[in-house]
Amino acid sequence: MIDVDDIRAFQTVASLLSFSAAGRVLSVRKSAISRSIQRLEALLGVRLFERTTREVALTDAGRTLLGRFSDIVDRVDDLVDLAASLASHPRGRLKVTAGIGFGIEVLTELLPQFSMAFPEIDIFLDLTSRSVDLVAEQVDVAFRMGPMIDSTLVASRLGAIGCTLCAAPAYLERRGWPKSLDDLRTHDLLAIPRGDGLPRRWCLSDRDGVEHQFDAAARLTANDPHAIHAMVLNGAGIAAPAKYLALPEIERGNLVRILPEWSVPAVDVSLVMPAGRERSPAARVFVDFVRKWAADDACWFEA
């Protein structure tokens, strides 16, 4: 009899084309993944992958069976979800992913509240600055920042995080105060690069709400807003961190607002899920919980 866990291992290897990466996603050793594939190949009597020391590729048989296996796993998952939904309390395992800064500052406050409300749901929080493949890595729910460009995902906007242009007093004493947008070009700027690695265009709005975009090379870049905020605090230059990080430091005198007559666009925060099938009971109650929290909590999101 075919083990569903062996099928999941096959699907994950097929998505990532790596036994090691599949092991990390499924939280098992690479050797366990290899045994799962060997058992499937022995039971089916076909070779599923061509393996060399450098790469893994699906065979023709592997590609043909992959779609059939996906149907089987979806039906099993639907049965498990149905059984869980019949229980008086939602239960199961929930995998959530988010950016490092948002996860540390926001989700470490939210998730304990959710855990107390739903004690039979086990939560795994994966914090990363890379773009996670929700299907391949079996993620139930993700928090994403900025505009949504992947039409294969189901996205629900939660709100927007305000940002403010600021710097540390020590930096301004050393380099002087910028008096205009053009002055920013001569300063040390910190920014997060775009997803493709290219520099982002700076965008600010004047008092009339008119947006002005300009190109200015960042002296320091990092793929996490938390790191940008920490470097600004340490006097590295000028950046536009989230207000929930910057405003407390401005009140303490550790940061100073720059060009207050200009405003920085807020960043949309969306709750994102894989498309294509019904959410598990755990995911459904989590989504409802987060939506209510986002609507009630003005601390993180702008009105």
Side-chain angles (χ1 to χ4, degrees), residues 24-25 27 89-134 137-146 148 153-164 166 190 192 195 222-234 239-252 254-255 264 266-274 279-303:
R24 288 192 294 271
V25 168
S27 300
H89 302 288
R91 64 186 64 181
R93 186 173 185 271
L94 184 72
K95 185 173 182 180
V96 179
T97 186
I100 298 170
F102 187 81
I104 292 173
E105 294 294 332
V106 180
L107 297 187
T108 53
E109 175 186 325
L110 168 69
L111 291 181
Q113 298 175 30
F114 177 78
S115 185
M116 286 186 286
F118 298 95
E120 295 184 59
I121 295 178
D122 297 325
I123 308 161
F124 173 63
L125 176 61
D126 179 21
L127 299 182
T128 178
S129 294
R130 64 185 176 84
S131 181
V132 174
D133 185 326
L134 305 189
E137 302 192 30
Q138 299 181 3
V139 173
D140 297 295
V141 182
F143 291 84
R144 292 275 171 88
M145 309 294 167
M148 294 302 304
L153 301 175
V154 177
S156 174
R157 183 180 179 276
L158 296 176
I161 292 178
C163 301
T164 187
C166 58
L190 292 81
I192 298 173
N223 62 357
D224 181 73
H226 215 63
I228 296 288
H229 172 67
M231 288 190 286
V232 172
L233 271 175
N234 288 320
K243 286 183 179 178
Y244 69 78
L245 294 173
L247 292 183
E249 300 299 341
I250 291 174
E251 291 175 1
R252 298 184 188 107
N254 297 325
L255 290 177
V264 181
V267 178
D268 282 346
V269 180
S270 299
L271 201 62
V272 180
M273 294 150 284
R279 306 276 78 77
S280 70
R284 286 200 298 271
V285 295
F286 181 73
V287 169
D288 291 341
F289 188 92
V290 171
R291 284 174 177 160
K292 183 177 187 306
W293 163 81
D296 294 344
D297 194 338
C299 175
W300 309 112
F301 302 120
E302 297 210 321

K.L.:
Is there side-chain contact between L107 and L125, with at least one heavy-atom pair below 4.5 Å?
P.N.:
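Of all side-chain heavy-atom pairs linking L125 with L107, at least one is under 4.5 Å.
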K.L.:
Using modelled atom types only, decide if a donor and an acceptor are shared between the side chain of Q113 and the backbone of E109 within a distance under 3.5 Å.
P.N.:
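Between the backbone of E109 and the side chain of Q113 there is a qualifying donor-acceptor contact (under 3.5 Å).
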K.L.:
Any idea which heavy atoms bring V267 and C163 closest together, and the distance?
P.N.:
CG2-SG, 3.9 Å
K.L.:
With no hydrogens and no angle check, is any side-chain donor or acceptor of S115 less than 3.5 Å from a backbone partner on L111?
P.N.:
no
K.L.:
How many angstroms lie between atom CG of D140 and atom CG of L134, to the nearest 0.5 angstrom?
P.N.:
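Nearest 0.5 Å value for the CG-CG distance: 9.5 Å.
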K.L.:
Could you state the interatomic distance from CD (Q138) to CG (D133), rounded to the nearest 0.5 Å?
P.N.:
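Result: 10.5 Å between the selected atoms.
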K.L.:
Are the side chains of C166 and P241 in contact, using a 4.5 Å heavy-atom criterion?
P.N.:
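In short, these two side chains touch, coming nearer than 4.5 Å.
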K.L.:
Quick one: does V154's side chain get under 4.5 Å of P274's, heavy atoms only?
P.N.:
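Not touching, per the 4.5 Å side-chain cut-off.
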K.L.:
Rounded to the nearest 0.5 Å, what's the gap from CD1 on I192 to CE on M145? Could you check?
P.N.:
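Going from the CD1 atom of I192 to the CE atom of M145 covers 9.5 Å.
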K.L.:
Taking the side chain as every heavy atom from C-beta outward, state whether R291 and D288 have any atom pair closer than 4.5 Å.
P.N.:
yes
K.L.:
Got a sec, which residues hit side chain to side chain donor-acceptor pair (under 3.5 Å) with T97, two or more places apart in sequence or on another chain?
P.N.:
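T97 satisfies side chain to side chain donor-acceptor pair (under 3.5 Å) with no other residue.
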K.L.:
Considering all heavy atoms of both residues, which atom of L190 and which atom of A239 are nearest to each other, and what is their separation?
P.N.:
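Heavy atoms of L190 and A239 come nearest at O-CB, 3.5 Å.
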K.L.:
Quick one: does T164's side chain get under 4.5 Å of I250's, heavy atoms only?
P.N.:
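With C-beta onward as the side chain, the pair touches.
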K.L.:
Can you tell if the side chain of L271 reaches within under 4.5 Å of the side chain of V141, non-hydrogen atoms only?
P.N.:
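Of all side-chain heavy-atom pairs linking V141 with L271, at least one is under 4.5 Å.
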K.L.:
ring-ring contact (aromatic ring centres under 6.0 Å, His included) with F289: which residues, sequence neighbours excluded?
P.N.:
F114
K.L.:
Determine, stepwise, if the pair L245 / H226 fulfils side chain to side chain contact (heavy atoms under 4.5 Å, CB included).
P.N.:
CA-CA 8 Å; L245 294 173; H226 215 63; 4.1 Å; yes
K.L.:
Please give me the minimum heavy-atom distance between A155 and V272, naming the atom from each residue.
P.N.:
CB-CG2, 4.2 Å
K.L.:
Once you round to the nearest 0.5 Å, how far does NZ of K95 lie from CD of E137?
P.N.:
5.5 Å
K.L.:
Answer yes or no: is there a donor N or O on one side and an acceptor on the other, between the side chain of D224 and the main chain of G101, under 3.5 Å?
P.N.:
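At least one qualifying donor-acceptor pair exists.
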K.L.:
In chain order, what residues pass the salt bridge (charged side-chain N to carboxylate O under 4.0 Å, His left out) check against R157, with sequence neighbours excluded?
P.N.:
D268
K.L.:
Working to the nearest 0.5 Å, report the span between CD of E249 and CG of N254.
P.N.:
5.0 Å
K.L.:
Determine whether V96 and F124 satisfy the following criterion, side chain to side chain contact (heavy atoms under 4.5 Å, CB included), listing intermediate values before the conclusion.
P.N.:
CA-CA 6 Å; V96 179; F124 173 63; over 6 Å; no
K.L.:
Nearest 0.5 angstrom please: Y244 OH to F102 CZ, how far?
P.N.:
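Rounded to the nearest 0.5 Å, the OH-CZ separation comes out at 6.5 Å.
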K.L.:
May I ask you to test the I161-K243 pair for a side-chain heavy-atom distance under 4.5 Å?
P.N.:
no
K.L.:
For residues V290 and F143, determine if any side-chain heavy atom of one lies less than 4.5 Å from a side-chain heavy atom of the other.
P.N.:
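V290 reaches F143 side chain to side chain.
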